[in-house]
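This report refers to the structure that appears directly beneath it.
None of the values given here were measured: they were computed from a predicted structure. Positions are given from 1, in the same order as the sequence printed here.
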Amino acid sequence: MADWLDYQTVALVVIFALGFGIVWWVLNVRGGASAGAATPNEWHEILGVRPDAPFDEVSRAYQALLARCAADKTAKPERAAVEWAFSMARRRHGLS
């Protein structure tokens, strides 16, 4: 057997692998959606419009959601989702 493959090296590799697995799991659990919040996958679901809605309707929905987020100071993640959805809508309508 190789000289570097002793019990200390194997123990270090096992400890590193377990630590990495724990950190990965914690980050994925914390990064996931909260239990009470539904996370739509499509931009039109976030903005509450049809996928084929004209851009003026999308813009009105975006402004209404921004006003609601501005009133609620704890809505930072929701505001980020709204901003993302509007950027996707602009891209879909050829405006970005």
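Scanning all heavy atoms of the two residues, the minimum distance from L66 to E83 falls at CD2-OE2, 3.6 Å. Nearest heavy atoms, L47 versus A61: O-CB, 3.5 Å. Taking both residues in full, the closest heavy atoms of I46 and L65 are given as O-CD1, 3.5 Å, listed atom of the first, atom of the second, then distance.
A continuous path of ILVMFWY side-chain contacts below 4.5 Å connects M88 to L95, so both sit in one hydrophobic cluster. Under a hydrophobic-cluster definition in which Ile, Leu, Val, Met, Phe, Trp and Tyr are linked whenever side-chain heavy atoms come within less than 4.5 Å, directly or via other members, L18 and V10 are assigned to the same cluster.
The aromatic rings of H93 and W43 sit perpendicular, their planes meeting at an angle over 60°, well past the 30° parallel limit.
One distance of note links NZ of K76 with CZ of R79; it measures 10.0 Å at 0.5 Å rounding. Remark: E78 CD to R68 CZ distance equals 4.5 Å, nearest 0.5 Å.
A donor atom on one side chain and an acceptor atom on the other are found under 3.5 Å apart for T9 and D6.
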